[in-house]
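Report on the following structure.
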There are 2 protein chains.
Amino acid sequence: MRQTLDAFQVIADPSRRQMLHLLTKETYNISSLADNFEMSRPAVSKHIGILEAAGFITIKDVGRERFCTLSQDGFIGLRKWLTHFDDFWNKKLSNLDTILKHK
Amino acid sequence: MRQTLDAFQVIADPSRRQMLHLLTKETYNISSLADNFEMSRPAVSKHIGILEAAGFITIKDVGRERFCTLSQDGFIGLRKWLTHFDDFWNKKLSNLDTILKHK
DNA sequence: TAATTATGTAACCGTGAAGTTACGAATATA
DNA sequence: TATATTCGTAACTTCACGGTTACATAATTA
């Protein structure tokens, strides 16, 4: 596998986001997941490898099948990043609030 | 400018994330922002165009300078997307809770 | 045992994102 | 007015991402 992408690069791909979305509904193995996409099964397999490496999913091997389920790990960094900007605006709002009160 | 990238693709680039981060500290025009990066000023200019098109920043023209400030718009889609997965895990937790209570 | 199914991976290719340099235009300053 | 500053854009190059096909392998099933 190529060098691992960071969490932001991983979710930049619409197909991978679609896969994550599908996995909120039910569990899929690689082939059944691939049935939902135009692309070939090996292409889906690659995406799954990337999602797993970045901690967005975990894989359970059962016989020859590989079942995918969502994992929170990958999302943590994203949420943390967004929170930083939420803080920025909250601070801005409270500054505004202070100004208005002392007017 | 080329076709606009979606919010996820926009933040996939580490340099653009760095720019957004810098803009939580203070305001920059293109040149002063470019001083913080190895890349050329035109490269930074392109990134700024992309960030603006996707609603992550707004630009105020003052004379020959262009001042950049953060805009919430671009973040909304991201937060909404993340929320969907938060809901997924919360639901999973409450299901587990229900099971435990009726045991 | 033979055939089928589920999968990973190697080798390859096309394309677009991200960078560069070179320019011109507009604004500010000496 | 001449010079310096700020900026956008066109033209070009590079390279890695996302796709393909063609295999091999392991696990089922007939």
Run through B/Thr27, B/Leu33, B/Ile59 and flag the one making a side chain to side chain contact (heavy atoms under 4.5 Å, CB included) with B/Phe67. B/Thr27
Find the distance A/Arg41:CZ to C/dG8:C1' and express it as a whole number of Å. 7 Å
State whether the side chain of A/Arg66 and the backbone N or O of A/Lys60 hold a donor-acceptor pair below 3.5 Å, judged by distance alone. no
Among D/dT21, D/dC17, C/dA22, the nucleotide that comes nearest once only the side chain of A/Ser40 is considered: D/dT21
The residue among B/Ile50, B/Leu20, B/Thr69 that forms side chain to side chain contact (heavy atoms under 4.5 Å, CB included) with B/Ile57 is B/Leu20
Can you check whether A/Arg41's main-chain N or O pairs, donor with acceptor, with A/Ser45's side chain at less than 3.5 Å? no
Which ones in residues 12-32 of chain B lie close to DNA chain D, meaning a heavy atom under 4.0 Å from one of its atoms? B/Asn29, B/Ile30, B/Ser31
Given atom NE2 of B/His47 and atom C1' of D/dC7, what is their separation to the nearest angstrom? 16 Å
Does the D/dG8 base have a donor-acceptor partner in the side chain of B/Lys46 within less than 3.5 Å? no
D/dC15 C1' sits how many Å from A/Gln9 CD, rounded? 14 Å
Taking NZ, NE, NH1 and NH2 as the nitrogens, is one of them in A/Lys91 or A/Asp87 under 4.0 Å from a carboxylate oxygen of the other? no
Does anything in residues 60-70 of chain B come within less than 4.0 Å of DNA chain D? Heavy atoms only, and list the residues if so. B/Arg64, B/Glu65, B/Arg66
Between C1' on D/dC17 and CG on B/Leu5, what's the gap in Å once rounded to a whole number? 14 Å
Minimal non-hydrogen separation, B/Val44 against B/Ile30, with atom names: CG1-O, 4.2 Å
Pick the nucleotide of DNA chain D nearest each of B/Ile59 and A/Met39; which residue has the one closer to the 5' end? B/Ile59
First locate atom CG of A/Asp97, then atom NE2 of A/His102, and finally report the distance between them rounded to the nearest 0.5 Å. 9.0 Å
Spacing of B/Ile11 atom CD1 relative to C/dA18 atom P, expressed in whole Å: 13 Å
Without decimals, in angstroms, what is the distance between A/Ile48 CD1 and C/dA6 P? 16 Å
How close do B/Asp6 and A/Arg17 get, counting heavy atoms only, and between which atoms? OD2-NH2, 3.5 Å
Identified side chain to side chain donor-acceptor pair (under 3.5 Å) counterpart of B/Arg16 within the set B/Gln9, B/His21, B/His47: B/His47
Please give, in whole Å, the distance from D/dG18 P to A/Glu38 CD? 18 Å
